[in-house]
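Reading through the structure tokens given below for one structure.
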There are 4 protein chains.
Amino acid sequence: MKETDGRSADARRRSESSRLAILESATDLVREVGYEKMTIEAIAARAGVGKQTIYRWWPSKGAVLFDSFVAMNEKGAELAALPDTGDIESDLKAVLAATADELNDPMYDVPMRALNTAISNDDTLAAQYAEWLETPMREVKRRRLQAAQDAGQLSPALDLDIAIDLIWGPLLNRWLQRSGPLNSTYTNGIVDSVLDGIRAR
Amino acid sequence: MKETDGRSADARRRSESSRLAILESATDLVREVGYEKMTIEAIAARAGVGKQTIYRWWPSKGAVLFDSFVAMNEKGAELAALPDTGDIESDLKAVLAATADELNDPMYDVPMRALNTAISNDDTLAAQYAEWLETPMREVKRRRLQAAQDAGQLSPALDLDIAIDLIWGPLLNRWLQRSGPLNSTYTNGIVDSVLDGIRAR
Amino acid sequence: MKETDGRSADARRRSESSRLAILESATDLVREVGYEKMTIEAIAARAGVGKQTIYRWWPSKGAVLFDSFVAMNEKGAELAALPDTGDIESDLKAVLAATADELNDPMYDVPMRALNTAISNDDTLAAQYAEWLETPMREVKRRRLQAAQDAGQLSPALDLDIAIDLIWGPLLNRWLQRSGPLNSTYTNGIVDSVLDGIRAR
Amino acid sequence: MKETDGRSADARRRSESSRLAILESATDLVREVGYEKMTIEAIAARAGVGKQTIYRWWPSKGAVLFDSFVAMNEKGAELAALPDTGDIESDLKAVLAATADELNDPMYDVPMRALNTAISNDDTLAAQYAEWLETPMREVKRRRLQAAQDAGQLSPALDLDIAIDLIWGPLLNRWLQRSGPLNSTYTNGIVDSVLDGIRAR
DNA sequence: TACTAACCGAGACGGTACGTCGGGTCTTACT
DNA sequence: AGTAAGACCCGACGTACCGTCTCGGTTAGTA
């Protein structure tokens, strides 16, 4: 995987059409049957490709899945910036509610859960995830928080990386552990508490 | 699973020694080879048990693994209460740092990651996890926060369930997604920010 | 293979119906596609059997094929004796002509050629062939020659094993090497020459 | 195969060094791993040649093997005549014993067995074998028998082709079917019986 | 002397089959 | 009835080769 850069050097002969067919098949299959029941054999069959063509370029089905996520995000052009109405509180509530909606939609839930399973059990994949998917997304979030901090809405001493974890971590954790419903009551509660703190004043 | 309660009627003839051998084998195996490579066949072989004995009492390897966790926690008797020195801030910092240490230890990391994988891909398991493992742990956490709230250290209007998510969610999420190091700098930062909020004042 | 005797001891649980289906599939397939293109996968599929069931009991496709021959010969009851009209010359000519006919018939030619390929490339198989198929057939031939010798039609000093090779060897060799047509002109010529010798008198 | 004759027109540009490397690799490989395990891929790799170069000039691995035999026999110049001491009986015994020795030597046994497997399963190859290898060898044998016949040692009415089959057939058949040891006791017995016949006199 | 076409090594490609592993079911014999 | 053992059908694994197909780079013969 990560065949999207240095590729020209060592893989000039690689078939681009096969690569795309494989990534698309993986995307479709993970949605249809889930991560554990998605097999390399099925990916190859659906893509009209020999199994060896998958094994030649990817070390595991997790890696194929990962690349299919990267490919999807590349097509989606530059990652959209978070909304900025000037009011960090309402913006965050809107973003978190939207995220919760997405996580409730099986269309997104199933593949993302699959990706998380893959990452959770493969260090290499986790590192690539960090570099190619998490970092850009974190950058987008950081930019919005930076703007709020610059505007004096967030504490000037605040470590924005911690802030990001604080805001999105609880939601993602509840999603992954299925430990409760994901709705705006919950997400609004998070934003309120995180912004103002939980200590009595 | 959790076959030790109401089901006692139809399982009077069940071999307790086989059940224990199976749970122990599962515990050992998940540590040695991880969740995905742990097979029911291997569990049965190591436990000196027929495969059918596993299939008779558990619906999936995730369920076996889950029961082995429940069994471990039962042996550890009543879940210890969180420390209460009267200072909620230092207590939380201590607890989170200890949790981080645990999550850094492969002895705990591997099986817990396995359990999370199992939960993430199985609603039934998630429900049982919530009932038998998460709820008690959450209760312990809630009791400490309740004490702090009663002592006037936490905001009186605070929803303690959200507070728990706020405090532990970021750490667990960073652990599961392997998105950064788990150390006391991080955990202290979380506690500080959560307690005081991130909004400029 | 050779599972037809001691079987009861170590394979009481073996499925007789699967065994028969496998042997029959092998017989059919070798006729339809030949030895080299007959695959274990196809045998299993046609027999409605898991591949493992073949691998469990036979070491190679040659071994399966061999057993299917043994099974066919068992069903054919006791090996028929060669005709004995009292005239060894005409009897041998009749038998050799019949054998030539058989070898010209693809129904027999293809599987027998397959069996020979298997034997030629596998010592173990050759030994089993010798014990289970060649020896009984040779015994039948020897009995007819013995009768002729007893009747004073063959040289009393003659080693019957050599005689058998002399009579059948040339025909079988021409068949295997495809070095000429198999017809009664040829077989009669063999019998004449072998009986009377080729030395000028 | 036998591509060195009429085809010269369209093969002027053919690389002779590649051709030789392929034939030599085939010879070596068949000795090392046997016919069934010899692959075109391995031949190409060992010869330092692209697979296409083999597929361009030969239709099957059997054809390559066959050509490697032809090449070996060409190097050995004109096929040596059989010894002629004037005594056909002792000459035949000597030749058959020498042949038996050769067939007992794995150096010769393995490749020749491979060639026979190839022939046995490929009509085209069998025809070419007949033309390029069997016919010349048969001619050599016929010449020696002709001399004996001319000298009055063999029956004047004898069909020499049948005689050749009678003399060499049993030995070759025993070799191919591995149905007994190849030694001079056996070969002498054949010669004696074939020369004098087996009929009582 | 350059042109150009075939040949060459290399190796990716869509496939088929390999021999193995494990899933979940079923049967046998023992407790 | 529950159990250890293990055969069974099945599906997938990851690998080896099949025969075909580019890809650049020689290497002849032709212009």
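Values in this document were obtained by computation on a predicted structure and should not be read as measured data. Letters A, B, ... mirror the listed sequences (proteins, then strands); counts begin at 1.
- Annotation: side chain of B/Ser17 is not in contact with side chain of B/Leu20 (no heavy-atom distance under 4.5 Å).
- Between the CH2 atom of B/Trp58 and the P atom of E/dG23 there is a distance of 15 Å, rounded to whole Å.
- The residue from A/Lys51, A/Arg46, A/Lys61 that alone fulfils the salt bridge (charged side-chain N to carboxylate O under 4.0 Å, His left out) condition with A/Glu41 is A/Lys51.
- Taking A/Ser120 as the reference, B/Arg113 meet the side-chain hydrogen bond (donor to acceptor under 3.5 Å, both in side chains) condition, with sequence neighbours excluded.
- Side-chain contact between B/Leu29 and B/Ile43: present, with at least one pair of heavy atoms (C-beta onward) separated by less than 4.5 Å.
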Heavy-atom contacts, protein to nucleotides 8-17 of chain F, under 4.0 Å, summarised as B (base), S (sugar-phosphate only) or - (none) per nt, yield BSB-BBBB-B

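- If you measure from atom CZ of A/Arg46 to atom C1' of E/dG15, you get 19 Å, rounded to the nearest angstrom.
- Side chains of D/Gln128 and D/Val70 form no contact here, defined as non-hydrogen atoms less than 4.5 Å apart.
- Taking a 4.0 Å limit (strictly below) on heavy-atom distances, residues 27-35 of chain B does not reach DNA chain F anywhere.
- Within the 4.5 Å cutoff, no side-chain heavy atoms of A/Leu125 are placed close to those of A/Tyr129.
- Judged by a 6.0 Å distance limit and a 45° cone about the ring axis, D/Arg13 is not positioned over the six-membered ring of D/Trp57.
- Between A/Glu36 atom CD and E/dG22 atom C1' there is a gap of 14 Å when expressed in whole angstrom units.
- Using a distance-only test at 3.5 Å, with no hydrogens or angles considered, no donor-acceptor pair links the side chain of D/Arg178 to the main chain of C/Ala127.
- The separation between B/Ile54 atom CD1 and F/dG6 atom P is 15 Å, rounded to whole Å.
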